[in-house]
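Data first, discussion second: the structure below is written as structure tokens.
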There are 2 protein chains.
Amino acid sequence: MATMTAEQRRRQAKLAYNAYVAECPSRQVLDAISDKWVTLVLSALDEGPMRYSDLARRIAGVSQKMLTQTLRMLERDGLLTRTITPSVPVRVDYELTPLGETILPVVGAIKQWSEAHIEQIHEARAGYDERNPS
Amino acid sequence: MATMTAEQRRRQAKLAYNAYVAECPSRQVLDAISDKWVTLVLSALDEGPMRYSDLARRIAGVSQKMLTQTLRMLERDGLLTRTITPSVPVRVDYELTPLGETILPVVGAIKQWSEAHIEQIHEARAGYDERNPS
DNA sequence: CCGTATCCTCCTCGATACTG
DNA sequence: CAGTATCGAGGAGGATACGG
């Protein structure tokens, strides 16, 4: 449309850019693993398969709702499998898939960088907060 | 308190666990870089210092508010510097610090894993959604 | 040019209660 | 045991308008 105002063109560009960013693989993966409980679940399962109740106990702060939601997301993304044993009472086991295992080194890299540099970050924050009170 | 109920003990444990997780270096760093605009800003600045308006143009989808907020966070964490030149009109330049540069490989690792495996994830999602309609 | 201030909306997440 | 259903508070983030 040649008759678009500059205003309209800017909005269009913004929408297009945001759609593009949303499709970005890095963005999708980052969104997935930055979820509060995801790394905790993945790390726990790295030590072997676990039942729902094991995970709930191990990750003490999580609510039932969030644990279930997190597990469903990870199952949907193919990072873990969910196996139901229809005994009474039922038993549900979760286990990392090979794909799920391949992402652990990435999480490990983040962990390593974090532990190596968190001190510097804290110092930077303290300095900044001192220079900028309020 | 020995007179605590089981209910109270569970709440205590949950609070303690959440406080512990909040302090975790990985958590803090993950929270920082998983922000929608952070990786885009860091990547842009990897190519060299930039003015505020350069960043705004380059990252087309961001609002002024979010761009400023993101830059302040990164400055506070010591990942970039902010230099004001009090000309008229003012000029503000942003530049990565050495610390900021060291985090780029981590972001790169995420990007690499994502691009290598996003296809598998999309297939897993499609399969899951087919098996679980609704 | 580089922001701040305000308002307003959506959406996440926890708490709680209930079920096969 | 392993969830689902519902509600409500709180925060993130965009739009808009204004300021140094």
Side-chain angles (χ1 to χ4, degrees), chain A residues 7-8 10-19 21-22 27 31-32 34-38 40-41 49-76 80-95 132 134, chain B residues 7-8 10-19 21-22 27 31-32 34-38 40-41 49-76 80-95 132 134:
Chain A
E7 175 71 7
Q8 287 173 322
R10 249 177 282 119
R11 284 170 190 283
Q12 278 285 331
K14 199 160 276 206
L15 287 176
Y17 188 87
N18 283 333
V21 168
R27 180 83 254 123
D31 282 344
S34 65
D35 188 275
K36 186 175 177 185
W37 306 110
V38 164
L40 295 169
V41 168
M50 280 199 193
R51 301 180 57 171
Y52 182 91
S53 46
D54 292 332
L55 288 166
R57 207 169 315 107
R58 166 99 184 221
I59 307 172
V62 71
S63 65
Q64 276 191 324
K65 178 185 169 184
M66 291 316 295
L67 181 53
T68 300
Q69 198 175 104
T70 302
L71 290 166
R72 286 288 136 69
M73 285 270 172
L74 294 173
E75 185 196 1
R76 186 170 109 99
L80 53 77
T81 57
R82 176 166 174 266
T83 312
I84 308 174
T85 308
S87 52
V88 178
V90 275
R91 169 194 180 108
V92 181
D93 285 272
Y94 293 90
E95 182 170 11
N132 307 60
S134 88
Chain B
E7 174 70 8
Q8 287 172 321
R10 249 177 282 119
R11 285 171 190 286
Q12 276 286 331
K14 199 161 278 204
L15 287 175
Y17 187 87
N18 283 333
V21 168
R27 181 82 252 119
D31 282 344
S34 66
D35 188 275
K36 186 176 179 185
W37 306 111
V38 164
L40 296 168
V41 168
M50 281 199 191
R51 301 181 57 171
Y52 181 91
S53 45
D54 291 333
L55 287 167
R57 207 169 315 107
R58 166 100 185 222
I59 307 173
V62 73
S63 65
Q64 275 191 324
K65 178 186 168 184
M66 290 316 294
L67 181 54
T68 300
Q69 197 175 106
T70 303
L71 290 166
R72 284 290 136 69
M73 284 271 172
L74 294 173
E75 185 196 3
R76 186 170 111 98
L80 53 78
T81 57
R82 175 166 175 266
T83 312
I84 307 174
T85 308
S87 52
V88 178
V90 276
R91 170 195 179 107
V92 182
D93 285 273
Y94 292 91
E95 182 170 13
N132 306 60
S134 89

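Here the structure is a predicted model, which is why all the values come from computation and not from measurement. Convention: sequence-line order gives letters A, B, ...; per-chain numbering from 1.
For A/Ser87 (side chain) and A/Pro89 (main-chain N/O), a donor-acceptor pair under 3.5 Å exists by modelled atom type.
The existence of a salt bridge linking B/Asp54 and B/Arg51 is excluded, since no basic side-chain nitrogen approaches an acidic carboxylate oxygen closer than 4.0 Å.
Between A/Met50 atom CE and D/dC1 atom C1' the separation is 17 Å, expressed in whole Å. Across the protein-nucleic acid pair, B/Asn132 atom CG and D/dT4 atom P stand 11 Å apart, rounded to whole Å. In this structure, B/Gln69 places its CD atom 7 Å from P of D/dG13, rounding to the nearest Å. Rounded to a whole Å, the CE atom of B/Met66 is 15 Å from the C1' atom of C/dA5. Taking atom CZ of B/Arg51 as the reference point, atom P of C/dG3 lies 11 Å away to the nearest angstrom. A straight line from CG of B/Leu67 to C1' of C/dG3 spans 10 Å, rounded to a whole angstrom. Separating the NZ atom of A/Lys14 from the P atom of D/dG14 is a distance of 8 Å, rounded to the nearest angstrom. Distance, A/Tyr17 OH to D/dG14 C1': 16 Å, rounded to whole Å.
Where B/Ser63 and A/Tyr94 meet DNA chain D, the nucleotide closest to each residue was compared, and A/Tyr94 sits on the side nearer the 5' end. Mapping A/Arg11 and A/Arg82 onto DNA chain D by nearest heavy atom places A/Arg82 at the nucleotide closer to the 5' end. Across the interface with DNA chain C, nearest-nucleotide mapping of A/Pro89 and A/Trp37 shows A/Trp37 to be the residue nearer the 5′ end.
Rounding to the nearest 0.5 angstrom, the gap separating the CZ atom in A/Arg82 from the CG atom in A/Leu71 is 8.5 Å.
In this structure, of D/dG14, D/dA17, D/dG3, it is D/dG14 that holds the atom nearest to the side chain of B/Lys36. The side chain of A/Arg72 has D/dT4 as its nearest neighbour among C/dG3, D/dA2, D/dT4. Nearest to the side chain of B/Lys65, among D/dT4, C/dT16, D/dG13, sits D/dG13.
At C/dC2, one or more side-chain N or O atoms of B/Ser53 fall inside 4.0 Å of OP1 or OP2 (strictly under the cut-off). Contact between the side-chain N/O atoms of B/Arg57 and the OP1/OP2 oxygens of C/dC1 is not found at any separation under 4.0 Å.
B/Val90 comes within 4.0 angstrom of a base, heavy atoms only.
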One pair to check against side chain to side chain contact (heavy atoms under 4.5 Å, CB included): B/Trp37 and B/Leu67. What are the steps and the verdict?
CA-CA 7 Å; B/Trp37 306 111; B/Leu67 181 54; over 6 Å; no
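Nearest heavy atom pair, residue B/Leu80 against residue B/Tyr94, reads CD1-CD2, 3.8 Å.
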